[in-house]
Amino acid sequence: MKEQILSFLPPEYPWKDRLFVFPELDSTNNRLKVLASQGAPHGTVLIADRQTGGRGRMGRSFLSPPGVGIYMSILLRPECAPQELMHLTCAAAAAMCHAVERAVHLRPGIKWTNDLVIGKRKVCGILTELAAEADSGMLEYAVVGIGVNCNTDTAARPEPARDVAISLREAVGTAVDPNALAAAMVRRLHELDVQLPEALPQWLAEYAGVCVTLGQDVQILRAGETRLAHAIGIDEA
């Protein structure tokens, strides 16, 4: 799989030697955080054909069956304070919309805050985890994990997953080449990295342009409390 992914990348792509593909990991985020603590370089990318312990936000599990999806994490080490990357997940989501559109000619929407959707069904999830240096408070690293349903048969999944998930194959009506999509994803992530953190406002504006949550009634869940609200926009906070 690695050689196939590299074949879709331009010769000048700078992180070729930092791309690693595994048949199985418990979680690409978990493994990459360990490697980050051991000094893995900026731009390291891990891809697994299968995850046995894939995670989403708030500890939810992320189904990661073999042969049908992309399960990827990237390590970034920008020199900034953690609060300067508050919108990193949003920027990564916007970048992944670009990557999907480039690979399969279909542009997803984004459901706040970290899900790419087609219609109302989830096709991709993103989990960002940050670590700060204890002495300076500066960012030590950021790990961005991305899982995409490429050729998954969501109709075969148990409820309620089959009602809320969709694959790119189901959306476009033909099988998707995961290697081409993975290459598009790492290219977009590199482009995003080059612009961090200064260009985050522009990425956030792009995110807002495809965010399907805006204009909708929503629930705000915080500390066991549920509040009703209407989503009208996204600001710098």
Side-chain angles (χ1 to χ4, degrees), residues 27-30 32-33 35-37 40-46 54-60 62 72-100 108-117 122 124-148 185-216 218-227 229-237:
S27 160
T28 56
N29 265 33
N30 286 352
L32 193 50
K33 286 191 295 181
L35 295 177
S37 68
H42 178 85
T44 298
V45 174
L46 303 187
R55 296 179 293 112
R57 291 179 66 236
M58 295 183 284
R60 298 188 183 105
F62 186 90
M72 170 191 298
S73 295
I74 185 168
L75 172 65
L76 303 176
R77 296 186 183 274
E79 296 182 1
C80 64
Q83 56 267 30
E84 294 183 67
L85 291 184
M86 181 171 62
H87 296 308
L88 178 57
T89 298
C90 294
M96 291 306 95
C97 283
H98 278 289
V100 170
I110 305 174
K111 179 182 176 183
W112 178 267
T113 176
N114 64 327
D115 290 343
L116 271 60
V117 295
K122 178 176 177 177
C124 169
I126 299 171
L127 176 64
T128 301
E129 300 182 272
L130 307 180
E133 297 176 352
D135 51 350
S136 67
M138 295 295 286
L139 185 75
E140 182 181 358
Y141 64 80
V143 169
V144 182
I146 305 160
V148 185
M185 290 166 65
V186 296
R187 286 188 68 180
R188 284 298 182 184
L189 288 168
H190 175 257
E191 293 169 5
L192 170 62
D193 169 71
V194 170
Q195 300 172 24
L196 287 177
E198 291 79 11
L200 278 177
Q202 290 91 328
W203 283 99
L204 185 61
E206 184 168 342
Y207 175 100
V210 293
C211 181
V212 301
T213 306
L214 299 185
Q216 304 295 318
V218 298
Q219 291 183 332
I220 300 174
L221 309 177
R222 181 178 296 165
E225 178 186 9
T226 300
R227 298 171 56 197
H230 188 76
I232 59 173
I234 303 171
D235 63 20
E236 67 278 0

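Keep in mind it's a predicted model, so treat the numbers as computed, not measured.
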When you compare the side chain of [Y] with that of [X], does any pair of heavy atoms fall below 4.5 Å?
{"X": "Asn114", "Y": "Thr128", "value": "no"}
{"X": "Leu85", "Y": "Pro78", "value": "yes"}
{"X": "Val117", "Y": "Pro108", "value": "no"}

For [X] and [Y], work out which heavy atoms get closest and say how close.
{"X": "Gly137", "Y": "Ala132", "answer": "O-CB, 4.0 Å"}
{"X": "Gly109", "Y": "Val212", "answer": "CA-CG1, 4.1 Å"}
{"X": "Thr28", "Y": "Ser73", "answer": "OG1-OG, 2.6 Å"}
{"X": "Glu84", "Y": "Leu200", "answer": "O-CD1, 3.1 Å"}
{"X": "Ala231", "Y": "Val218", "answer": "CB-CG1, 4.2 Å"}
{"X": "Leu88", "Y": "Ala142", "answer": "CD2-CB, 3.9 Å"}

Point-to-point distance, once rounded to the nearest 0.5 Å, from [atom1] of [X] to [atom2] of [Y]:
{"X": "Ile74", "Y": "Leu32", "atom1": "CD1", "atom2": "CG", "answer": "8.5 Å"}
{"X": "Glu79", "Y": "Met138", "atom1": "CD", "atom2": "CE", "answer": "7.5 Å"}
{"X": "Asn30", "Y": "Glu129", "atom1": "CG", "atom2": "CD", "answer": "7.0 Å"}
{"X": "Met185", "Y": "His98", "atom1": "CE", "atom2": "NE2", "answer": "14.0 Å"}
{"X": "Ile126", "Y": "Met96", "atom1": "CD1", "atom2": "CE", "answer": "6.5 Å"}
{"X": "Asp115", "Y": "Thr89", "atom1": "CG", "atom2": "OG1", "answer": "11.0 Å"}

Verdict with supporting geometry, Leu76 and Leu192, side chain to side chain contact (heavy atoms under 4.5 Å, CB included): CA-CA 11 Å; Leu76 303 176; Leu192 170 62; 5.7 Å; no
Can any side-chain N or O of [X] pair as donor or acceptor with the backbone N or O of [Y] at less than 3.5 Å?
{"X": "Thr213", "Y": "Trp112", "result": "yes"}
{"X": "Arg77", "Y": "Ala40", "result": "yes"}
{"X": "Tyr207", "Y": "Thr113", "result": "yes"}
{"X": "His87", "Y": "Pro201", "result": "no"}
{"X": "Arg227", "Y": "Arg222", "result": "no"}

Side chain to side chain contact (heavy atoms under 4.5 Å, CB included) between Leu116 and Lys122, worked out: CA-CA 6 Å; Leu116 271 60; Lys122 178 176 177 177; over 6 Å; no
Leu35 vs Leu46, side chain to side chain contact (heavy atoms under 4.5 Å, CB included): CA-CA, chis, key distance, verdict: CA-CA 10 Å; Leu35 295 177; Leu46 303 187; 4.0 Å; yes
Candidate pair Met72 and Val186, rule side chain to side chain contact (heavy atoms under 4.5 Å, CB included), full reasoning: CA-CA 9 Å; Met72 170 191 298; Val186 296; 3.7 Å; yes
Residues, nucleotides or ligands: over 12 heavy atoms within 6.0 Å of Ile220 CD1: yes
